[in-house]
> 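Here it is, the structure in full.
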Amino acid sequence: MHAVDIYGLSEVMGPGVSQECVETKDGLHIWEDHFYPEVIDPVSGAVLPDGELGELVFTSLTKQALPIIRYRTRDLTRLLPGTARPAFRRMEKVTGRSDDMIILRGVNVFPTQLEELVLRTGGLSPHFQLILARAGRLDTLTVRVEARSDCPPERREPAAHALTREVKDRVGVSVEVEVVDPDTLERSAGKLQRVIDRRS
């Protein structure tokens, strides 16, 4: 049995807006005979060319009861040429949401970007928080991340330095990293609040 990815939104239509093809499983082909997709810059709203990462926008072409015109999904992806279904463009798997975006000193930062780097850093768990604050006229970002239960105390500082360097190299912003004990970040109903904004 094959499992394929399928995408839909209740505002546009349920599952069936786009779907992975079993032959290639290389992204989701959008049914462009029913939906017109665009990718826009989430800040300016400018339409981006195919291949550029941005916010996915849909216009329904055949829906009659509730037509949708340029509906902003808030999902981040890119449009690519079709493969198994050449007549229909593909969308990459959704990599994050534009409403999670943080603008830090002119750089767009998404929690999913930082999560990827946290997961690749030895000794750190996937439980982290992003704390925004203001020092003078500049915004600052502190990444508070729990150490793994098997990470000895002497490994925490090197792990923090490694994550700081990775964020600077790959995202382009300077952050402070604070490694805390396991199970110390406050969770609400089992879910960790990712972004805490302490700017006035």
> Do other residues, nucleotides or ligands put more than 12 heavy atoms under 6.0 Å from the CZ atom of R72?
yes
> Of the non-hydrogen atoms in T121 and A159, which two are nearest, and what is the gap between them?
CG2-O, 3.7 Å
> On a heavy-atom basis, which atom in V17 and which in G8 lie closest, and how many Å separate them?
CG2-CA, 3.9 Å
> What about L9 and V94, same hydrophobic cluster or not, with Ile/Leu/Val/Met/Phe/Trp/Tyr joined at side-chain heavy-atom distances under 4.5 Å?
yes
> So which heavy atom on C151 is nearest to which on G123, and how close?
CB-O, 3.5 Å
> Roughly how far, to the nearest 0.5 Å, is CZ of R89 from OH of Y36?
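So the OH of Y36 and the CZ of R89 are separated by 5.5 Å.
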> For S174 and R105: C-alpha separation, side-chain torsions, deciding distance, then whether side-chain contact (heavy atoms from CB on, under 4.5 Å) applies.
CA-CA 10 Å; S174 298; R105 299 190 291 277; 4.0 Å; yes
> Going by heavy atoms in the side chains, are P37 and L79 under 4.5 Å from each other?
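Heavy-atom side-chain distance check passes, below 4.5 Å.
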> In Å, rounded to the nearest 0.5 Å, how long is the span from CG of L56 to CD of E92?
11.5 Å
> Looking at E186 and R144, is any side-chain nitrogen of the basic one under 4.0 Å from a carboxylate oxygen of the acidic one?
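Not counted as a salt bridge, because no side-chain N and carboxylate O are separated by less than 4.0 Å.
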> Does the side chain of E11 come within less than 4.5 Å of F58's, by heavy atoms?
no
> To the nearest 0.5 Å, what is the distance between NE2 on H34 and CD on E32?
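One finds 11.5 Å between NE2 of H34 and CD of E32.
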> When clusters are formed by joining ILVMFWY residues with side-chain heavy atoms under 4.5 Å apart, either directly or through shared neighbours, do V107 and V118 land in the same one?
yes
> I need the R198 CZ to I131 CD1 distance, nearest 0.5 Å.
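Rounded to the nearest 0.5 Å, the CZ-CD1 separation comes out at 4.5 Å.
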> F35 versus M13: any side-chain heavy-atom pair under 4.5 Å?
yes
> How long is the gap from CZ on R155 to CG on D150, to the nearest 0.5 Å?
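Those atoms lie 10.5 Å apart.
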> So do the side chains of L130 and P111 get within less than 4.5 Å of each other, counting heavy atoms only?
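Side-chain contact under 4.5 Å: yes.
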> So with a 6.0 Å cut-off around CZ of R170, is the heavy-atom count from everything else above 12?
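Atom CZ in R170 is not crowded, with 12 or fewer foreign heavy atoms closer than 6.0 Å.
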> Going through the checks in order, is the salt bridge (charged side-chain N to carboxylate O under 4.0 Å, His left out) test met by R97 and D75?
CA-CA 5 Å; R97 293 191 44 88; D75 291 330; 2.9 Å; yes
> A side-chain contact here means heavy atoms from C-beta on lying under 4.5 Å apart; do I68 and K63 qualify?
yes
> Could you tell me the separation between the OG atom of S18 and the NE2 atom of H29, rounded to the nearest 0.5 Å?
10.0 Å
> If Ile, Leu, Val, Met, Phe, Trp and Tyr residues are connected whenever their side-chain heavy atoms lie under 4.5 Å apart, and connections chain through other members, are L48 and Y71 in the same group?
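Cluster IDs for L48 and Y71 match.
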> If the threshold is 4.0 Å, N to carboxylate O, is there a salt bridge linking R194 and E115?
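Judged by the 4.0 Å cut-off on N to carboxylate O distance, R194 and E115 do form a salt bridge.
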> Considering only NZ, NE, NH1 and NH2 on the basic side and carboxylate oxygens on the acidic side, decide whether K25 and E20 come within less than 4.0 Å.
no
> Does the side chain of R70 come within less than 4.5 Å of V47's, by heavy atoms?
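Heavy-atom side-chain distance check passes, below 4.5 Å.
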> By the definition side-chain contact (heavy atoms from CB on, under 4.5 Å), identify the one residue from I196, T142, L141, V109 that meets it with L132.
L141
> Do you know which two heavy atoms are closest between V179 and A147, and how far apart they sit?
CG1-CB, 3.7 Å
> For Y7 and Q19, does a side-chain donor sit closer than 3.5 Å to a side-chain acceptor?
no
> Take V43 and N108 through the test side-chain contact (heavy atoms from CB on, under 4.5 Å) and record every step on the way to the result.
CA-CA 9 Å; V43 177; N108 297 344; 4.2 Å; yes
> Does a side-chain N-to-carboxylate-O contact under 4.0 Å join D50 and R78?
no
> Are any non-hydrogen side-chain atoms of L114 and V167 less than 4.5 angstrom apart?
yes
> Between D181 and R156, is a salt bridge (charged side-chain N to carboxylate O under 4.0 Å, His left out) present by the stated rule, with each step listed?
CA-CA 10 Å; D181 292 333; R156 293 183 182 184; 2.5 Å; yes
> Any donor-acceptor pair under 3.5 Å linking the side chain of Q113 with the backbone of V171?
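No, the answer is negative, given that no donor and acceptor are paired below the 3.5 Å cut-off.
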> Of all the heavy-atom pairs spanning T140 and A135, show the shortest one and how long it is.
CG2-CB, 3.9 Å
> Run the side-chain contact (heavy atoms from CB on, under 4.5 Å) check on R85 and T83 step by step: do they pass?
CA-CA 5 Å; R85 304 289 183 272; T83 51; over 6 Å; no
> Could you tell me which non-hydrogen atom of A84 sits nearest to which non-hydrogen atom of C21, and how far apart they are?
CB-CB, 3.7 Å
> Under 4.5 Å between side-chain heavy atoms, hopping through other hydrophobics if needed: is there a path connecting V195 to F128?
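V195 and F128: one cluster.
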> Go through the steps to decide whether L163 and L117 satisfy the test side-chain contact (heavy atoms from CB on, under 4.5 Å), and finish with yes or no.
CA-CA 7 Å; L163 181 56; L117 300 177; 3.9 Å; yes
> Taking T164 for its side chain and A160 for its backbone only, find out whether a donor-acceptor pair lies under 3.5 Å.
yes
> Check whether V12 and L66 end up in the same hydrophobic cluster, where Ile, Leu, Val, Met, Phe, Trp and Tyr are linked by side-chain heavy atoms less than 4.5 Å apart.
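Linked within one cluster.
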> Check whether any side-chain heavy atom of F110 lies under 4.5 Å from a side-chain heavy atom of L76, and answer yes or no.
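Heavy-atom side-chain distance check passes, below 4.5 Å.
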